[in-house]
Amino acid sequence: MRTRLVRHRVAWWCAQRRPANIDFTDVTDTSPAPATDLPTAFAPAEVERPLYERWVQRGYFEADDKSDRPPYCIVIPPPNVTGSLHLGHAFEHTLIDALVRRRRMQGYEALWMPGMDHAGIATQNVVERELAREGLSRHDLGREAFIDRVWQWKEQSGGQISGQMRRLGDSVAWSRERFTMDEGLSRAVQTIFKRLYDDGLIYRAERIINWCVRCHTALSDIEVEHTEDEGELISIKYNDEVVVATTRAETMLGDTAVAVNPDDERYRHLVGTEVELPLTGRRIPVVADPHVDPEFGTGMVKVTPAHDPNDFEVGRRHNLPALTIMDELGVITAHGPFQGLDRFEARPAVVAALREQGRIVSEKRPYVHSVGHCSRCKTVVEPRLSLQWFVRVGPLAKAAGDAVRDGRVRIHPKDMESRWFAWVDNMHDWCISRQLWWGHRIPVWYGPNGEVVCVGPDDEVPSGEGWTQDEDVLDTWFSSALWPFSTLGWPERTPAMEKFYPNQVLVTGYDILFFWVARMMMFGLYANADLGPERAIPFSTVALHGMVRDARGKKMSKSFGNVVDPMDWMDAYGSDALRFTLARGANPGTDVPIGEDWVQASRNFCNKLWNATRFALLNGARVGELPAATELSAPDRWILSRLHATLAEVDGLYEDFQFAKLTEALYHFTWDEFCDWYVELAKTPLARGGTDAERTRLVLGHVLDALLRVLHPITPFVSEALWTTLTGQETLVTAEWPEPDGSRLDAAAEATVADLQRLVTEVRRFRSDQGLNPGQRVEARLTGLPESLAGHEQEIRSLVRLDAPGEGFAPSASLSIGGVNVELDLSGAIDVAAERRRLDKDLAGARTALAQADAKLDNEQFLAKAPEQVVAKIRDRRTAAENEIARIEAQLAALPSA
RNA sequence: GGGCGUAUAGCUCAGCGGUAGAGCACCCGCCUUACAAGCGGGAGGUCACUGGUUCGAUCCCAGUUGCGCCCACCA
C-alpha cells in the first residue's frame, strides 16, 4: 500500500516536472550568460573517478622534501594485505584525508604517506586457508614456494586496497608508497634489531610464552584475548593430606611439586616432604612459596613449571625441573595412556582415571574463569615453555611514558592518557619471535653449536662455515613500530627524514594504542635518540578515533551479519556522502554508529549544495571584489557574518579533531542559513536586477567560494566539481583555505535578520494553521515595519507570498508581530477556533515563562548571589515574555468573533 | 580481581550550574521561478534512581541500578 502510494507520487511528479533549462532572461536583465550545464541532481559516479585521476596525474598529492613550507606529515596506519578495506578504514581515511587536505590548502607541505602492512600471522592465515581449500598445507609447498604464494596474494590484495583508497579520494602521495617488507624497510628492521641486541635490549630466553596450537607460533601478551569462559574446577587428592584444585587437569602429568604458603600453619609440617603424583608414580616435593594464596581452595597448589607462568616462576625459585608434556599441536607427549591425546581429550581422560582411583574429592563444579584465546583464530592459547626472542621493554617503555608525561607527545582525547600510562608503566617484556614463514626473518645467525655468531642486516653478515639463520620471523608489529621513520628512509638521513620526522599527527583507533602506538613510541624514541629529545618522538600528537558500529551501535562482525562494504554505499550515494557521514559521526575517541539512512541524508546534503550552487550559477553568481559593507543589504551582511563565524568555528574545531561538530556546523550553515534563508532572500534583489542583483551575485559567489573551500577536506569531489565551475579555476586541492575575517561579523545585521525570520515564521505559521497552500498568493498590508526591515518589505512579501493590497482589499485577519501589523485579505472566513487554540497555547507558554522569570527576580538570594550576566539574562527573558504576551493578546483581540 | 566510561526525544548521539538540542524516523500541508534527494508548519523528554552541595542541578559530589570497554600470571 505504502509502496504503491510512493510510486504513484513519483510518477505523478515526473510527469509534471518542468524542463531543466529555465529561461531566466526575463527576470535577470543584466546577468551574464548563465552557466546552465549542471544537471539538476548531483551524480557522484560521473564526477568522482575522473577527478581523482586528474588529481593524481597532476601530482597535487605529492610532497616536496626540500620546500620551505612547514611540514605536515601523517603516515597511514598501514592496512593489512589480508583482503580489502572495511568501513573502519573508510572512517580513518576520511579523518586523515580531511586533516591533510586542509593543511595542504593552508600552505603546508602536506604529506600523507601511503603503504601497507605484510601482517605476518594474519596474512599467513588467510593464505593457508586458501591453500586448505585446495587440500594443501604450507608444508606441502615448502617455505620458499609458500612465501611466493603469499606475495601473489599480496599483489592482489594490495591492488584492491589501493583501488578502494582511490574511490575514497585519499590524497596520498602515491609515489612514496611503502610496504613493510620492502627492501628498505627490511633493512630498517634488521638495523634496529642489531642496535637493540648490541644494547642488550633484545635477548633470547626460555620462557613461558603464549602458544597458539593452531597458528603454531608464539604470541605476545596483547595478541591474547581473554574471555570469561565456563570451566570446571576439580579438586584432586594426592594423598590424605594433599588436595589441590585445577581447571586444567591434564597438566598434572607435568607437575614437579606441590606448593603451600610459607606462613600457612596447616601445612608447615609437610614442607620438605614428598608426595606421590597420581597416575605417574613420580614422587614430587612439597615446597613453600609466597605465591600461594592460603585463602584460595585448600591453600595448596600443584606446580607445573613447563605449562604455567606462575608455576614456572615457582619452579625457578625452588630449582624444580620443568617437564614438558605437550607438543606444539597441543598433543600430550608424556609417556603413558594419555600420550597422543589432544589436550582437550586428555583433560576428561585424566579426570576419569583419577576418579577411578578415588582421587577426585569434589565433583566437577561450574567455574567461570578467564581463558586466553589467540586473537587471530580464537583458539585457546596454551602457556608453553620455549626458547624465544624478547625485547627488554623497561627503558623503552619508560621513555614512551615520559614523552607523554612531559608533553612532547599529546594524546587526544586526553582521557586516553590514563590508559596509556597504565599500560606503558606496567609492560612485560615483548616476545617478538614467531614460528611463522611470512615476515621478517630474525637477523641472527647461529654457529654449529647453536651459539649466536652474528646479528645484523643481511648485507653486513659475513658468511661463516656452518652458519645458519634463525628460522623464525619477527612479530609483525616489530616492523610497524618503525613505520613513521622507516617509510622516510631511516636509517639513512634522507631529506624526507629531515623534513617529515617527527610526523605531526598520528591518527588511529584506540584499539591499537598498545599494539602499535606504544611500540612506535618506544622504537621511534630509541632509533632517533641522536636527534635529541624534542625530535626523537615519532609524532607530536596522537589523535585516537573510535570504532565504526552499525546503526544500533552494535559492533560490526561477520558472524552477526551486519558488516557493510563501504564500496556498496559509495556506489549508491557517492564517496562524499560516505565521507560526510563518517565525519559527522566522529566525536573524538568515541565509537561511530552508522546506518544507510545517514548516508542517504549526507547524499541529500551534497545534492543540496549542488543545487544551491546551480541556483547561484543560473543567476550569474561570480567571485569578485565585494562591495563595501555600507553598500550591502542586511541579509548580505548577515550571511557574510554567519559565514565568517562558521569559518572561525570550524578552524577551532579542527584543532581539537572535533569532526562531528565541525561537520555539523557546516551542515547547519549550508542548509539552514545559506539555502533556507539567504538563497530565498536573494531571489528578490536578483529579480529586481541592476546593482541590487549585481551585489547579490557577488555575495552569493563569495559565500559559495568560501563554503566550497571549507567543505573540500570532507567532501572533496562535489566541492571540486562545483568550485571549478564557479570560479573557472584549475583545482580546489591546492587552493587557499578560507580564513575567517573578523571584520565581517555584524551583530546588527544578525539582529535584523533574526527579526525578519521571526516575522516570516509567524506569518507562515498563521498561513499553515489557516490551511493556506504555501504557493497561494494573499493580499496583505504591512505596517509598522521597523527601520531595519523597512527596506526589505519585498523580500518579506516574497517569502510568505503576500501581494500588495489591490483594488477592493478587505482584510479579514490581522497579525501583530513585534510591532509589525500584518493585515491579510483571506477573501473568506478564517478558522477562528483553530487560531484561538494556537494563540491560547502560546499565551499559556508565554505566561509560564513570565512567571518563572518573575519568581527568580523576586528571589533575594538569587539577586544577591547570581552573577550579573545571569540576572540580566533573566530580565531580558522577562521582557521578551511580556512582549510575547502583548503580541498574542493583540492578535487574540484582532480575531473576529466566531 | 583492578581500572575507566556511560545512562538525555522512537533510534543514534551532542550539550550544559541559569527556560532541554541535532540528524533520522513521525504527523499535517505543498510543484513554492535551485533542489520532491525538496519546501513550509508541527508533535514528541520527571535529562536512569536516591540522597547531598547550591539562590538555582540534566550538569557538580556520594551511593544504587543497568549497559559498555580496557587491563590481569585467581590455581
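Sequence lines set the chain letters: A, B, ... in the order given, protein chains first and strands last, and positions in each chain run from 1.
For B:A43, the OP1/OP2 oxygens have a side-chain nitrogen or oxygen of A:K841 closer than 4.0 Å. Under 4.0 angstrom from either OP1 or OP2 of B:A34 there lies at least one side-chain N or O belonging to A:K683. Contact between the side-chain N/O atoms of A:N604 and the OP1/OP2 oxygens of B:G38 is found at a separation under 4.0 Å. Taking only side-chain nitrogens and oxygens, A:R765 never comes nearer than 4.0 Å to OP1 or OP2 of B:G40.
At whole-Å resolution of the value, OH in A:Y667 and P in B:G21 are 18 Å apart. Atom P of nucleotide B:G5 and atom CH2 of A:W420 are separated by 19 Å, given to the nearest angstrom. Rounded to whole Å, atom P of B:G23 lies 16 Å from atom CG of A:N587. Atom CG in A:N607 sits roughly 10 Å away from atom P in B:C35 (whole-Å rounding). Rounded to an integer number of Å, the gap from A:R614 CZ to B:C35 P is 6 Å. Atoms CD (A:Q658) and P (B:G15) sit 8 Å apart, rounded to a whole Å. Counting to the nearest Å, the P atom of B:G3 and the NE2 atom of A:H226 are 19 Å from each other. Nucleotide B:C71 holds its P atom 13 Å from the CD1 atom of A:I512, rounded to whole Å.
Evaluation of atom-type donor-acceptor distances gives a pair under 3.5 Å for the side chain of A:K856 against the base of B:G18. Between the side chain of A:E680 and the base of B:A34, a donor-acceptor pair under 3.5 Å is found.
Taking the side chain of A:T247 as heavy atoms from C-beta on, and the options B:G42, B:A37, B:A75, the nearest nucleotide is B:A75. Closest contact between the side chain of A:F615 and the listed nucleotides B:A34, B:C24, B:G29 involves B:A34. For A:F862, the listed nucleotide lying nearest its side chain is B:G18; candidates were B:A14, B:C24, B:G18. The A:V679 side chain lies nearest to B:A34 when the options are B:C30, B:A34, B:A22. Proximity note for A:A601 (side chain, C-beta onward) versus B:A34, B:G23, B:C71: the nearest is B:G23. Closest to the side chain of A:Q861, out of B:A37, B:C55, B:A14, is B:C55. Distance from the side chain of A:W671 is smallest for B:G38 among the nucleotides B:G23, B:A72, B:G38. With B:G40, B:A34, B:C55 as the choices, the nucleotide that has an atom nearest any side-chain atom of A:K865 turns out to be B:C55. Among the nucleotides B:A14, B:A37, B:A43, the one closest to the side chain of A:R603 is B:A37. Side-chain proximity of A:I874 to the nucleotides B:G18, B:A75, B:C71 is greatest for B:G18.
Taking the side chain as every heavy atom from C-beta outward, A:H291 and A:R317 approach each other to under 4.5 Å. Within the 4.5 Å cutoff, side-chain heavy atoms of A:Q757 are placed close to those of A:W677. Looking only at side-chain heavy atoms (C-beta outward), A:V303 and A:V258 stay at 4.5 Å or farther from each other. When side chains are defined from C-beta on, A:T581 does not count as touching A:F91, because their heavy atoms never get closer than 4.5 Å. Between A:W420 and A:D425, the closest side-chain pair of non-hydrogen atoms is not below 4.5 Å.
In this structure, A:F659 and A:F657 have tilted ring planes: the angle between them lies in the 30° to 60° band.
A residue-by-residue look at A:D311 and A:A616 shows that A:A616 has its nearest nucleotide of RNA chain B further toward the 5' end.
Separation of the C1' atoms belonging to B:U12 and B:G45 is 16 Å when rounded to the nearest angstrom. Using atom P as the reference point in both B:G3 and B:G44, the two lie 44 Å apart (nearest Å). Here, B:C28 and B:A43 have their C1' atoms 10 Å apart, quoted to the whole Å. Annotation: B:C49 and B:U8 have their P atoms spaced 10 Å apart (nearest Å). Of the C1' atoms belonging to B:A20 and B:A72, the separation is 42 Å, rounded to the nearest Å.
Within the nucleic acid shown, A:C675 comes within 4.0 Å of at least one base atom, counting heavy atoms only. Among the protein residues, A:E228 comes within range of the nucleic acid bases, having at least one heavy atom under 4.0 Å from a base atom. Among the heavy atoms of the strands, none lies under 4.0 Å from A:R767. Residue contacts for A:P593: at a heavy-atom cut-off of 4.0 Å it reaches the sugar-phosphate backbone alone, with no base atom in range. A:D293 comes within 4.0 angstrom of a nucleotide base, judged by non-hydrogen atoms across all strands. Nucleic acid contact for A:P867: base, since at least one base atom lies under 4.0 Å from a heavy atom of the residue. As judged by a 4.0 angstrom heavy-atom cut-off over every strand, A:T613 is placed among residues making no nucleic acid contact. Among the atoms of the strands shown, none is found under 4.0 Å from any heavy atom of A:F605.
Between the side chains of A:D289 and A:H318, a donor-acceptor pair is found at a separation under 3.5 Å.
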Dot-bracket line, read 5' to 3' along RNA chain B, where crossing pairs take [ ] and | marks a partner on another strand, Watson-Crick or G-U under 3.5 Å:
(((((((..((((....[..)))).(((((.......))))).....(((((..]....))))))))))))....

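Side-chain rings of A:W671 and A:Y667 approach one another, their centers coming within less than 6.0 Å.
A side chain to side chain contact (heavy atoms under 4.5 Å, CB included) with A:T613 is found for exactly one of A:L707, A:V718, A:L704, namely A:L704.
Residues in residues 842-856 of chain A take part in these side chain to side chain donor-acceptor pair (under 3.5 Å) pairs, two or more places apart or across chains: A:R765-A:D842, A:R847-A:E889, A:D854-A:R878.
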